Visitor: 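Pasting a structure below so you can have a look.
No hydrogens, no waters, no symmetry mates; every other heavy atom, side chains included, goes into these values. Please read all numbers here as calculations on a predicted model, not as lab measurements.
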Number of protein chains: 4
Amino acid sequence: MAVRGRPRSEISRRSILETALRLARKQGYARITVDRIAVEAGVGKQTIYRWWPSKAAVVLEALRENARAEIKVPDLGSLQADLEVFLQSTFDVSRNRPGINDLLRALMAEAQHDRGFLQNFRRELIDPRRAVLHSLIERAQTRKEVHKSADVNLYVDVAFGVMWYRLLTGVGTIDNGLAGQLAELLAGAAVGLAKRKAGINQRA
Amino acid sequence: MAVRGRPRSEISRRSILETALRLARKQGYARITVDRIAVEAGVGKQTIYRWWPSKAAVVLEALRENARAEIKVPDLGSLQADLEVFLQSTFDVSRNRPGINDLLRALMAEAQHDRGFLQNFRRELIDPRRAVLHSLIERAQTRKEVHKSADVNLYVDVAFGVMWYRLLTGVGTIDNGLAGQLAELLAGAAVGLAKRKAGINQRA
Amino acid sequence: MAVRGRPRSEISRRSILETALRLARKQGYARITVDRIAVEAGVGKQTIYRWWPSKAAVVLEALRENARAEIKVPDLGSLQADLEVFLQSTFDVSRNRPGINDLLRALMAEAQHDRGFLQNFRRELIDPRRAVLHSLIERAQTRKEVHKSADVNLYVDVAFGVMWYRLLTGVGTIDNGLAGQLAELLAGAAVGLAKRKAGINQRA
Amino acid sequence: MAVRGRPRSEISRRSILETALRLARKQGYARITVDRIAVEAGVGKQTIYRWWPSKAAVVLEALRENARAEIKVPDLGSLQADLEVFLQSTFDVSRNRPGINDLLRALMAEAQHDRGFLQNFRRELIDPRRAVLHSLIERAQTRKEVHKSADVNLYVDVAFGVMWYRLLTGVGTIDNGLAGQLAELLAGAAVGLAKRKAGINQRA
DNA sequence: CTCTAAACGAGACGGTACGTCTGGTCTTATG
DNA sequence: CATAAGACCAGACGTACCGTCTCGTTTAGAG
């Protein structure tokens, strides 16, 4: 049997997402309320709550909708080069869109007092980006550029950890220089490890 | 001229800080309110607002008061060893005190929608910890273990970045294993850099 | 266009008015708070503020709701008799309901530091009672019992003025004796005036 | 034995009374607070509370201090003339001083939720004025202009009742016209009573 | 072409916490 | 002792949001 009743309004959905993003970028995430989104979107409050559990979820979806498939997955043959390009691309996304950084910070904050949203946030934003970086390093592993015993997750954590730490605390900048430094640091560590292991194996 | 008027009550100050910390650890930061702190501390609400701008500021001070001089600054002669001991000590603080991690996460969240509190938070919590790690690495620099051109701040960001990233997202654990991995990674990178630079100099 | 949105809850409205009146009579107007009314009425505080500007307005409406059509408008053919019955009836209302006098005093007090409420208070309580007394005296005027040049408003002011003055200052009692005295005084003055005027006219 | 300790400061007392009156007339009674009086008078809050139980008491004293012996007690040989002059004089006091009416209304309001202040208010303001009017009518009684059985208090209540009623509700004006009307009404009633009684006695 | 059912805009609802304000008391040092 | 200063406890105030609910209306497929 087909779906009964009035179908979900795509117009309302779009209006909500656009209004949420617009308000959040104009006035800051903290100042928007579900009420305001509803009024400005010309939508009933219930229509928001029917489809999203919180304003954070709305903003997250708006962000995701807005930022689809922007991340390059480079494959230049060298881990360091791949890392640098990937990280530059990642850092650029925020830099080119004013207000995006504030939204990311606000969503991370929201995730701290809403376990359910944390899951959502990880699934939609954190984990996909991790996956890209992870695969990028694994590729270097199959090339033997990185030793098979290396903890890929740690390297991923280093890259995103520094980014988020600087984003959240305001300590340091997030720019191409950082991308280069991180690429060098991680590639150095990974390749250095591989060499040491190789040396050990040779001697053995 | 001497201070005029009734002096600030040390008893009330202590009571407020202790009550705030106790409630926050027992029930979670999100569930405490300024009202409840006031009532349970036997204090007027105004007495809280007279000295702190928000409950976040109260909890921050309570945390700081409570955690004075807990961080070991090891000096074992080797960067990697120093790093490992320091990071283990840092990670232990939270692990040994249930509820502390939640408070740290809540405060970091609070800092995201309160610029004033962010400054306070950095000055009281983030920066002091950075300073210790920073000095620890600088010491290795004076020992020539780390090259003088190394970006010490980046290393600090890596250590705390990974810690906070895992704390906030729930990705990965924060334990002695991590301390060891980070110490190895950072020392490897720093020492590797020093050796390469030395090699360049020799060849030159 | 029809009414949009959820309609006002008559249940809440009644509950608020009843609770306000009950609390005010039990504990005195000064001791009730908007918070307590809300809690005891099982209602959100905002629901009170949405419909009334202050607790005084709530109590006023509660009083009015509760005291509808209690005032007798006698028509015995003689001004003095009508006055006496009307005033007795008016004075009785308060005397038979403990707490009402305190409420009236409190509302009159409230009206002194809230211009908006003073208007409301006059429109709902003062003026309707004036109108009855006014019409009663006018009827005597059409009967030629009172001269047409008499200032009816002054007579009304005398009756209610004495009542309120005694109520507010505690000087003297407000009972059937007073009703008789006022009736005699006013009727005497009004009829006396009519006779003098008639005499003048005759002589002319 | 002489009084020990530091004597009460007359400067502070004057400053408090003047400041209270000034603030009350400038901004309205409702807007002044004990705190504000203290600050503006350059006085400690406790100094106010040591000598007065409430801001109403301060304002009452300030008013009384300021308005000493302003009431004429006329003696023109005729009740109606005496009444008219007295009432005109009484009504003039308020009319010539802007803000006084508002203060009187505020004090009457205050007296409604403070039993202690009501006593104070009656003793200092209400009763003295009553006494003057009372004596004025009694004088007419000794002249046989008013019958000895007349209820003098009722006449007093009528005069002040109408005045206060109009003051508090804003119904009608308080001017020389009213003074004349009240004088005529009361004298008419009192003298009419005397004549009727005399007639009865003669016939008897 | 009616009927059923769900989504819709609107906005009132019960709740909770906020940060401010005032009242009246207490605690200093000073005169 | 009284004083100026000002911190203290207490608690009401009116506002802001939250997430739910209750209207009448709209929009689809089912009968």
Visitor: Would the number of heavy atoms belonging to other residues, nucleotides or ligands and lying under 6.0 Å from CZ of C/Arg31 be above 12?
Guide: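 12 or below, so no.
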Visitor: Expressed in angstrom and rounded to an integer, what is the separation of D/Gln46 atom CD from F/dC1 atom C1'?
Guide: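 Answer to the nearest Å: 13 Å.
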Visitor: How many angstroms lie between atom CG of C/Leu60 and atom CG of C/Leu21, to the nearest 0.5 angstrom?
Guide: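 That separation rounds to 11.0 Å.
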Visitor: OP1 or OP2 of E/dA7 sitting under 4.0 Å from any side-chain N/O of A/Ser12?
Guide: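 No, outside the criterion.
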Visitor: Can you see whether C/Arg36 engages C/Gln27 through a side-chain donor-acceptor pair at a distance of less than 3.5 angstrom?
Guide: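 Yes, a side-chain donor-acceptor pair sits under 3.5 Å.
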Visitor: Map D/Lys45 and A/Ser54 onto DNA chain F by nearest heavy atom, then report which one ends up closer to the 5' terminus.
Guide: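 It is D/Lys45 whose nearest nucleotide is closer to the 5' end.
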Visitor: In residues 102-111 of chain B, which ones come under 4.0 Å of DNA chain E, going by heavy atoms?
Guide: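 Close to the strand, none.
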Visitor: How long is the line joining CD of A/Glu40 and C1' of E/dG9, in whole Å?
Guide: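 After rounding, the gap between these two atoms is 16 Å.
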Visitor: Could you check whether D/Lys55 makes a cation-pi contact with D/Tyr49, meaning its NZ or CZ is under 6.0 Å from the centre of the six-membered ring and within 45° of the ring axis?
Guide: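 Because its charged atom misses either the 6.0 Å distance or the 45° angle limit, D/Lys55 does not stack over D/Tyr49.
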Visitor: Start at the 5' end of DNA chain E and walk down; is the nucleotide closest to A/Arg50 or to D/Lys55 reached first?
Guide: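 Its nearest nucleotide lies further toward 5', so the answer is A/Arg50.
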Visitor: Would you mind telling me which of E/dA5, F/dT3, F/dA16 lies closest to the side-chain atoms of A/Arg4?
Guide: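 Of E/dA5, F/dT3, F/dA16, E/dA5 is nearest to the side chain of A/Arg4.
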Visitor: What is the separation between atom OH on D/Tyr49 and atom P on F/dC8, rounded to the nearest whole Å?
Guide: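 Distance, rounded to whole Å: 18 Å.
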Visitor: For D/Phe117 and E/dG24, what is the distance between atoms CZ and P respectively, to the nearest whole Å?
Guide: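 Atom-to-atom, D/Phe117 to E/dG24, this comes out as 13 Å.
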Visitor: Between C/Arg13 and C/Glu10, is there a salt bridge with N-O shorter than 4.0 Å?
Guide: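 Yes.
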Visitor: Reading DNA chain E from 5' onward, which residue's closest nucleotide shows up sooner: D/Pro53 or A/Gly42?
Guide: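 Per heavy-atom nearest nucleotide, the more 5' residue is A/Gly42.
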Visitor: Going by atom types only, do D/Glu110 and D/Tyr29 share a side-chain donor-acceptor pair under 3.5 Å?
Guide: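 A donor-acceptor contact under 3.5 Å links the two side chains.
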Visitor: Check whether NZ of the Lys or CZ of the Arg A/Arg8 lies under 6.0 Å from the centre of the six-membered ring of A/Trp52 and within 45 degrees of that ring's axis.
Guide: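 Yes, A/Arg8 and A/Trp52 form such a contact.
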Visitor: To the nearest Å, give me how far apart CZ (B/Arg8) and P (F/dC9) are.
Guide: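 Those two atoms, CZ and P, are 11 Å apart.
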Visitor: Under 4.0 Å from OP1 or OP2 of E/dG14: is there any side-chain N or O of C/Thr47 that close?
Guide: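 Checking E/dG14 against C/Thr47, a side-chain N or O does come within under 4.0 Å of OP1 or OP2.
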Visitor: Rounded to whole angstroms, how far apart are CD1 on B/Ile11 and C1' on E/dC26?
Guide: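 The distance from CD1 of B/Ile11 to C1' of E/dC26 comes to 13 Å, rounded to the nearest Å.
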Visitor: It should be established whether C/Trp51 places a side-chain nitrogen or oxygen under 4.0 Å from OP1 or OP2 of nucleotide E/dC13.
Guide: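 For E/dC13, OP1 or OP2 has a side-chain N or O of C/Trp51 closer than 4.0 Å.
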Visitor: In plain terms, say whether D/Glu65 and D/Arg14 are close enough for a salt bridge, that is, a side-chain N and a carboxylate O under 4.0 Å apart.
Guide: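 Salt bridge flag = no for D/Arg14 with D/Glu65.
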Visitor: In terms of side-chain heavy atoms of C/Pro7, which of F/dT15, E/dT25, F/dT22 is nearest?
Guide: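 My answer, after comparing the listed nucleotides, is F/dT22.
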Visitor: Quick one: which of F/dG14, F/dG19, E/dG31 gets closest to the side chain of D/Arg6?
Guide: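 It is E/dG31.
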Visitor: Could you measure the distance from the OG atom of A/Ser15 to the CD atom of A/Glu40? Nearest 0.5 Å is fine.
Guide: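 Rounded to the nearest 0.5 Å, the OG-CD separation comes to 10.0 Å.
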Visitor: Using whole Å, what does the distance between atom P of nucleotide E/dG23 and atom CG of D/Asp114 come to?
Guide: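 For the pair D/Asp114 CG and E/dG23 P, the rounded distance is 12 Å.
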Visitor: Starting at atom CD1 of D/Ile48, determine the distance to atom C1' of E/dT25, rounded to an integer number of angstrom.
Guide: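 Going from D/Ile48 (CD1) to E/dT25 (C1'), I get 14 Å.
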Visitor: Please give me the minimum heavy-atom distance between D/Ala30 and C/His113, naming the atom from each residue.
Guide: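 Residues D/Ala30 and C/His113, closest heavy atoms: CB-CB, 3.9 Å.
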Visitor: Under 4.0 Å from any atom of DNA chain F, heavy atoms only: list the residues of residues 15-38 of chain C that qualify, in numerical order.
Guide: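 Those residues are C/Thr33, C/Val34, C/Asp35.
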